[in-house]
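Structure first, commentary second.
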Amino acid sequence: MSRMLLPNIAVYEQEWLDVGDGHQLYLEQSGNPDGIAVIYLHGGPGGGSSKDHRRYFDPEKYRIILFDQRGCGRSKPSRVLKIIPLLT
């Protein structure tokens with residue numbers, strides 16, 4: 001992993017992965033499709049991945065996979081709170 005940000009890297013695949021209960025995780029891939037797979041986990045909660053996160057990795061060497069955690073970034077639905085009724 002480079003300590004400097006590399007130039008902008010285009011995304012070659014975007015998808016929303018169904019994880020049940022009405023939630024879908026945003027997932028994107030960039031870099032070399034045949035390269036070493038690297039998964040970047042953003043800090044969350046409430047955050048999300050950004051185009052700068054893929055710039056940490058050499059796109060010729062790595063297949064860069066970013067995803068937004070449930071309820072974060074471009075995942076769907078965004079920041080959903082469950083309301084649980086209180087028994088009185």
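Residue numbers run from 1 in the order of the sequence given. Quantities reported herein were computed from a predicted structural model and do not represent experimental measurements. Scope of the values below: all heavy atoms of this structure, side chains included, with no hydrogens, waters or symmetry mates.
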Would you say L27 ends up clustered with L41 if hydrophobic residues are merged whenever their side chains have heavy atoms under 4.5 Å apart, either directly or through other cluster members?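 Yes, because L41 and L27 connect within a single hydrophobic cluster, where side-chain heavy atoms sit under 4.5 Å apart.
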
Answer yes if I39 and L25 sit in the same cluster of Ile, Leu, Val, Met, Phe, Trp and Tyr residues linked by side chain heavy atoms under 4.5 Å apart, and no otherwise.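 I39 and L25: one cluster.
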
Does E13 have more than 12 heavy atoms from other residues, nucleotides or ligands lying within 6.0 Å of its CD?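 Count over threshold, so yes.
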
In Å, rounded to the nearest 0.5 Å, how long is the span from [atom1] of [X] to [atom2] of [Y]?
{"X": "H53", "Y": "L5", "atom1": "NE2", "atom2": "CG", "value": "9.5 Å"}
{"X": "Y62", "Y": "N32", "atom1": "OH", "atom2": "CG", "value": "11.5 Å"}
{"X": "Q29", "Y": "I9", "atom1": "CD", "atom2": "CD1", "value": "13.5 Å"}
{"X": "L6", "Y": "D52", "atom1": "CG", "atom2": "CG", "value": "11.0 Å"}
{"X": "I65", "Y": "S30", "atom1": "CD1", "atom2": "OG", "value": "9.0 Å"}
{"X": "L17", "Y": "F67", "atom1": "CG", "atom2": "CZ", "value": "9.5 Å"}

Where do D34 and R63 land on the side chain to side chain contact (heavy atoms under 4.5 Å, CB included) test, with the steps shown first? CA-CA 7 Å; D34 298 318; R63 174 181 163 205; over 6 Å; no

Check H42, E28, K51 against L66 for a side-chain contact (heavy atoms from CB on, under 4.5 Å) and give me the one that passes.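 Single side-chain contact (heavy atoms from CB on, under 4.5 Å) partner of L66 among H42, E28, K51: E28.
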
Got a donor-acceptor contact below 3.5 angstrom from the D21 side chain to the H23 backbone?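 Flag not set: sc D21 to bb H23 has no pair under 3.5 Å.
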
Step-by-step side chain to side chain contact (heavy atoms under 4.5 Å, CB included) determination, I36 to K61: CA-CA 6 Å; I36 300 166; K61 183 175 182 177; 4.1 Å; yes

Using the side chain to side chain contact (heavy atoms under 4.5 Å, CB included) rule, take I64 and Y40 through it: C-alpha gap first, then chi angles, then the decisive distance, then the call. CA-CA 8 Å; I64 306 159; Y40 181 86; 5.6 Å; no

Side-chain touch R54/V11, heavy atoms, less than 4.5 angstrom: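 In short, these two side chains touch, coming nearer than 4.5 Å.
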
